[in-house]
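Data block below; observations after.
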Amino acid sequence: MAKLKVGVLISGRGSNLQALIDACAGEDYPAEIALVIANVHGAAGLARAQAAAIPTTVIDHKAFDGREPFDEALSEALSAADVELVCLAGFMRLLSEGFVKRWRDRLINIHPSLLPAFRGIHIHERVIEYGARFSGCTVHFVRPSMDEGPIIIQAVVPVLQDDDPDVLAARVLAQEHRAYPLAVRLIAESRVRVANELVVIGDFRCEDGAMINPACE
Ligand code: GRF
């Protein structure tokens, strides 16, 4: 069967991109990366794509007069590469409503918190300041409001008493690298459907049980 063609948008490090590259290297994995776009010259993730012989392009938002023409250039590049699913992976630009509409239910994002808690930035600092006992990551379809949209998959990690933001970020990131490839796989296998703004997954499986933090017994 033909593999789902994925476009990945990045601005920096690209460790989630790497997780997708690694997943796509598996023969049985049902998706392939057709194009990586960065909005920043020299974004570290570009080298990761190049090392895997994936086409890359830089579309610098600073070269455009406003959000719409920039987003139009993104869309054109994605369409020219026959991209069917767009993955935001540390892409630090807000996308226009037009772009989000054009790619509706074909545009996903990964966010390092358990949405709808802790939208925005400086997430791990805020989770620790709040005293939350759990955090995690969310892969969701993108809607015009930031960090909002039907949730595909979440992974949960405990927040430990002496965590600092970097330690917590690393714990969450390890789960991001599992969750993003899984979400893309589910979509590529046509097991993900959006109904009434909720995601329904075909052949859904989840381990039962609860985690408790602290576990005081
Ligand atoms: C990740 O934490 C992701 O959840 C957020 O931005 C970060 C990107 O990291 N949206 P990387 O570039 O994938 O390493």
Side-chain angles (χ1 to χ4, degrees), residues 6-25 31 33 35-52 54 56-61 71 74 85-95 99-100 103 107-130 132 134-159 163-187 199:
V6 172
V8 185
L9 269 50
I10 61 166
S11 296
R13 174 178 66 175
S15 72
N16 278 288
L17 165 66
Q18 187 67 55
L20 291 171
I21 292 172
D22 294 345
C24 289
I33 302 175
L35 179 64
V36 172
I37 304 179
N39 67 314
V40 180
H41 289 280
L46 288 168
R48 298 178 187 266
Q50 283 149 8
I54 295 166
T56 60
T57 182
V58 175
I59 303 180
D60 181 353
H61 60 275
D71 288 1
L74 290 179
L85 175 72
V86 181
C87 296
L88 306 180
F91 186 67
M92 302 305 284
R93 298 295 301 167
L94 281 179
L95 293 161
F99 183 93
V100 173
W103 293 93
L107 172 62
I108 64 177
N109 179 45
I110 186 155
H111 180 78
S113 80
L114 294 173
L115 291 174
F118 302 104
R119 296 181 168 117
I121 55 170
H122 304 306
I123 293 129
H124 308 296
E125 285 89 329
R126 286 161 48 216
V127 166
I128 289 170
E129 264 169 34
Y130 198 87
F134 289 100
S135 189
C137 65
T138 304
V139 182
H140 64 98
F141 286 107
V142 174
R143 295 294 183 257
S145 313
M146 197 178 58
D147 299 328
E148 222 179 88
I151 292 172
I152 303 163
I153 190 168
Q154 292 186 309
V156 178
V157 301
V159 181
D163 276 351
D164 64 32
D166 291 343
V167 169
L168 178 57
R171 194 176 304 122
V172 171
L173 193 65
Q175 298 310 312
E176 294 184 41
H177 297 162
R178 295 174 65 202
Y180 219 179
L182 246 163
V184 170
R185 171 190 280 283
L186 289 172
I187 292 169
V199 168

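One-based numbering, in listed order, for ligands and for the atoms of each. Note that this is a predicted model, so its numbers are computed, not measured.
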Protein heavy atom at shortest distance from [atom]:
atom                    : result
atom 1 (C) of ligand 1  : Glu176 OE1, 3.1 Å
atom 11 (P) of ligand 1 : Ser15 N, 3.4 Å
atom 8 (C) of ligand 1  : Gly90 CA, 3.6 Å
atom 9 (O) of ligand 1  : Arg13 NH2, 3.0 Å

Quiz item: Does atom CZ of Phe134 have more than 12 heavy-atom neighbours, drawn from other residues, nucleotides or ligands, at distances under 6.0 Å?
Solution: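 Correct, the count exceeds 12.
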Exercise. Could you please spell out the steps behind the side chain to side chain donor-acceptor pair (under 3.5 Å) verdict for Ser15 and His177?
Key: CA-CA 8 Å; Ser15 72; His177 297 162; 2.8 Å; yes
Practice problem: Calculate, to the nearest 0.5 Å, the distance between atoms CG and CD belonging to Leu182 and Gln175 respectively. | Solution: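 One gets 10.5 Å once the value is rounded to the nearest 0.5 Å.
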Quiz item: Can you tell me how far the CG atom of Leu9 sits from the CG atom of Leu17, to the nearest 0.5 Å?
Solution: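 So the gap between those two atoms works out to 10.5 Å.
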Self-check item: Under 4.0 Å to a heavy atom of Ile110 - the qualifying atoms of ligand 1, by number
Solution: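 Listed by number with element: 3 (C), 4 (O), 5 (C), 10 (N).
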Self-check item: Gly14 neighbourhood, listing ligand 1 atoms whose heavy-atom distance to it stays under 4.0 Å
Solution: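 Here the atoms of ligand 1 in question are 11 (P), 12 (O), 13 (O), 14 (O).
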Quiz item: Is there at least one pair of N or O atoms, one from Asn109 and one from ligand 1, spaced under 3.5 Å apart?
Solution: no
Practice problem: Using atom types as modelled and distance alone, determine if a side-chain donor or acceptor of Ser135 lies under 3.5 Å from a backbone N or O of Ser113. | Solution: no
Quiz item: Is a donor on one side and an acceptor on the other found under 3.5 Å between the side chain of Asp71 and the backbone of Leu95?
Solution: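 Checking the backbone N and O of Leu95 against the side chain of Asp71, no donor-acceptor pair under 3.5 Å is found.
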